[in-house]
Amino acid sequence: MQDEPFRPRAYERASEIASSHSADFREIYEKGGAKALMEIPSIGRGIAEKIEEYIKTGRIREYEALKKKYPVDIAGLTAVEGIGPKAIKTLWQKLKIQNVADLEKAARAGKIAGIARFGKKSEDKIFKGIEFLKLSHGRFRLGDILPYVRALELELKSVKEVDELVVAGSIRRWKETVGDVDILAVSRKPKAVMEYFVGMKDVANVYAHGETKSAVKMNNGLDVDIRVVPRESFGAALNYFTGSKDHNVALREIAIKKGWKLNEYGLYKSQKSKAEGQKWKMIAGRTEDELYEKLGIAYIEPEMRENAGEIEAARNNQLPNLIGYGDLRGDLQTHTDWTDGKHSIREMALAAKEAGLEYIAITDHTKTLAMTGGSDEKKLLKQIAEIKKINQEFEAEGIKFRILTGAEVNIMPDGKLDITDEVLADLDVAGAAIHMNLKLSPAEQTKRIVRAMENPNIDIIFHLTDRIINRREALPLDLETIFKTAKITGTILEIDAYPERLDLKDEHIREAKKFGIKFAIDSDAHAKDQFRFLEFGIAQARRGWVEKGEVINTRSAEGMLKMLK
DNA sequence: GCCGTTTTCGGCCCGACTGTTTTCAGTCG
């Protein structure tokens, strides 16, 4: 708003670093002062001093002075589609608009159309923007919208002017929540594709309808963007449209250092000719592989493109060899109609086999999770016998599949378990998890988990942080202590693939890896069609840079069991 | 405000679409 383009970006970058940094800035400051903060990338003297001022006094004077100058809800107003800093400044100066409520009132009174550089259309757009803001869902959980997106993808692929089409953006990176859907298409008749796209029957609003780029909102509130490029630019466009933005910017900076230029159409080398001055010659862009190769770094999988060290790793040929989507041979957390699952042990096993697995562990809930009808020792022993029987039937019927016995044991507030060690010792796979008493202090929660891991019969901690995406915060845990204990006790940590959990999440997985911890990727299936969830877990593992060897259920049942306590 | 195997000063990613404009600024991704 003050015509300063770069300083705000520097602060924005610093704030992103702060929110994703594994250690708390306050602790870093207390240990090493402002100097230690300045060692963090994107934190220089200026911002380190601001952080210091904030830690010491609880406020930042410059920020408060700016707030006085513009007593305006900038974050709220920019959330209205089409409203940016310049518009906010004008609206404040001319109409004293401070927040979205003021904006709505002014638009309703027809006051906006009269201001310089605003017209009737701007006013309508603001109206619409506010309406959509009220309906806005924020970010969608990937698992909730992926089926819808795949149907949309199929529909668009069937359009005859579409030669090629792919869903890019955060969906291709398998980010756990999705802000909008980015679709890339190749077509020789982009206009026809655009017309089909904005005319789809589920479209609620058209934000933009251009020759090669359009944007709409669907009836379910999801924003979808499409972009059409020529075939020779497909790789560059795919890279550009997959993001993340930070990853793209970093790639462009590599190009610039070489004196080249990277955009969504390709990688270009400058050619000087006397007659025409500077010209750009395309040197890569048909495929992503070609693009990375020309930039001089190894190909980076979409799940890793967050500018979180992957470019450095690619430059040094130190990228991990990520676990693949077909690498799982078993599933170590599944539920049946013995507790809160929908289907029988046999049905679940056959569905797992159908999904390409060789074995599953049946891990129904235990007795203190009363609402699920959790098992006590007696019921567990009965289930063990039943599983043995089904395995024998399978053998007799020539069905090559193994069912392992197990449980999802409930961890009590003090870290004790609700099943005796004697019975736990009989199980093939004993997982433990927190389901209640979520309000304990970080120290108590951490102690609780540590105690469960120290039990020699507990092989795996299921969904460690107990978060529900978009609904429930992760437990406040001292992860360093937990990861250390997991390593020492040989406890496996689960990557729960249930789409609303995805727990551990990507950043925690990367952190856990540093301690040498092994993982299990489980569906947490409560019905026989839920083995499809495993791909979300694998994606999350890939986002955490996990290799096949670090996941115990990529092994055969025999090999996997040897990895347990 | 940050940063530096081209620089401690002078850069900072790049292009499409829209609206209000007669050539472009603002917004978005």
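Sequence lines set the chain letters: A, B, ... in the order given, protein chains first and strands last, and positions in each chain run from 1.
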Per Y11(A) side chain, nearest of listed nucleotides dG19(B), dG1(B), dC17(B)
dG1(B)

Checking N1-N3 plus N6-O4 or O6-N4 for Watson-Crick, or N1-O2 and O6-N3 for wobble, each under 3.5 Å, the partner of dT8(B) is none

So what does K89(A) hit on the nucleic acid, given a heavy-atom distance under 4.0 Å: a base, only sugar-phosphate, or nothing?
nothing

Check the pair E176(A) / R543(A) against salt bridge (charged side-chain N to carboxylate O under 4.0 Å, His left out), numbers first and verdict last.
CA-CA 10 Å; E176(A) 65 192 34; R543(A) 290 180 57 83; over 6 Å; no

Considering only the C1' atoms, how many Å lie between dC2(B) and dG15(B), rounded to the nearest integer?
25 Å

Rounded to the nearest Å, what distance is computed from the CG atom of residue D246(A) to the C1' atom of nucleotide dC12(B)?
14 Å

Expressed as a whole number of angstroms, how long is the span from L262(A):CG to dG29(B):P?
20 Å

When we call it a touch if two heavy atoms are under 4.0 Å apart, what does V228(A) touch: a base, just sugar-phosphate, or nothing?
nothing

Near K189(A) NZ, under 6.0 Å, is it more than 12 heavy atoms from other residues, nucleotides or ligands?
no

Base, sugar-phosphate or nothing for A87(A)? Non-hydrogen atoms, less than 4.0 Å.
sugar-phosphate

For nucleotides dT20(B) and dT5(B), find the distance between their C1' atoms and express it as a whole number of Å.
48 Å

Measuring from the side chain of E81(A) (C-beta onward, heavy atoms only), which nucleotide among dT18(B), dG1(B), dC28(B) has the closest atom?
dC28(B)

In whole angstrom, give me the gap between the P atoms of dC12(B) and dT18(B).
28 Å

What does K125(A) touch in the nucleic acid at a heavy-atom separation under 4.0 angstrom: a base, only the sugar-phosphate, or nothing?
nothing

Have a look at K120(A) and say if it touches a base, only the backbone sugar-phosphate, or nothing, with a 4.0 Å heavy-atom cut-off.
sugar-phosphate

Looking only at atom C1', what distance separates dT7(B) and dC3(B), rounded to whole Å?
10 Å

How far, in whole Å, is dC9(B) from dA16(B) if one measures between their P atoms?
37 Å

When rounded to whole Å, the CG to P distance for the pair D124(A) and dT18(B) reads 15 Å

Is the base of dC12(B) stacked against the aromatic ring of F6(A), taking ring centres under 5.5 Å apart and planes under 30° as the test?
yes

Is N248(A) touching bases, backbone alone, or none of the nucleic acid, heavy atoms closer than 4.0 Å?
nothing

Quick one: does T57(A)'s side chain have a donor or acceptor within less than 3.5 Å of a partner on Y54(A)'s backbone?
no

Options dA16(B), dG26(B), dT18(B), nucleotide nearest the side-chain atoms of R227(A)
dA16(B)

With a 3.5 Å cut-off and just heavy-atom distances, do the side chain of Y240(A) and the base of dG15(B) make a donor-acceptor pair?
no

For dT20(B), does either OP1 or OP2 sit under 4.0 Å from a side-chain N or O belonging to S122(A)?
yes

Span that lies between the P atom of dT21(B) and that of dA25(B), in whole angstrom:
14 Å

I'd like to know if the side chain of K217(A) reaches the main chain of A204(A), judged simply by a donor and an acceptor atom lying under 3.5 Å from each other, with no hydrogens or angles considered.
no

From CD of E123(A) across to P of dT18(B) the rounded distance in Å is 20 Å

Verify the contact: side-chain N or O of Y265(A) to OP1 or OP2 of dA16(B), cut-off strictly under 4.0 Å; return yes or no.
yes

Between K213(A) and dC28(B), is there a side-chain N or O to OP1/OP2 distance below 4.0 Å?
no

Against the side chain of R117(A), the closest entry in dC13(B), dC2(B), dA25(B) is dA25(B)

Would you please say whether a donor-acceptor pair under 3.5 Å links the side chains of E155(A) and Y196(A)?
yes

Between D327(A) (side chain only) and I323(A) (backbone N and O only), is there a donor and an acceptor less than 3.5 Å apart?
no

Start with the C-alpha gap between R108(A) and E104(A), add the side-chain angles, then the distance that decides, and say whether salt bridge (charged side-chain N to carboxylate O under 4.0 Å, His left out) holds.
CA-CA 6 Å; R108(A) 218 172 272 289; E104(A) 187 170 11; 2.9 Å; yes

Could you check how far CZ of R9(A) sits from C1' of dC13(B), rounded to whole Å?
8 Å

Select base, sugar-phosphate, or nothing to describe what L251(A) touches, counting heavy atoms under 4.0 Å on all strands.
nothing

In terms of side-chain heavy atoms of T212(A), which of dC14(B), dC12(B), dC17(B) is nearest?
dC17(B)

So what does E4(A) hit on the nucleic acid, given a heavy-atom distance under 4.0 Å: a base, only sugar-phosphate, or nothing?
nothing

With sugar-phosphate meaning primed atoms plus P, OP1 and OP2, does P41(A) contact a base, only sugar-phosphate, or nothing at under 4.0 Å between heavy atoms?
sugar-phosphate

Calculate the interatomic distance between F118(A) atom CZ and dC24(B) atom P; express it in whole Å.
21 Å

Which nucleotide in the set dG26(B), dG29(B), dC17(B) lies at the smallest distance from any side-chain heavy atom of A208(A)?
dC17(B)

To the nearest 0.5 Å, what is the distance between CH2 on W92(A) and CG on L103(A)?
14.0 Å

Nucleotide nearest P85(A) (side chain, heavy atoms from C-beta), chosen from dC17(B), dT20(B), dT27(B):
dT27(B)

Suppose you measure atom C1' in dC13(B) against the same atom in dG29(B); what distance do you get, rounded to whole Å?
12 Å

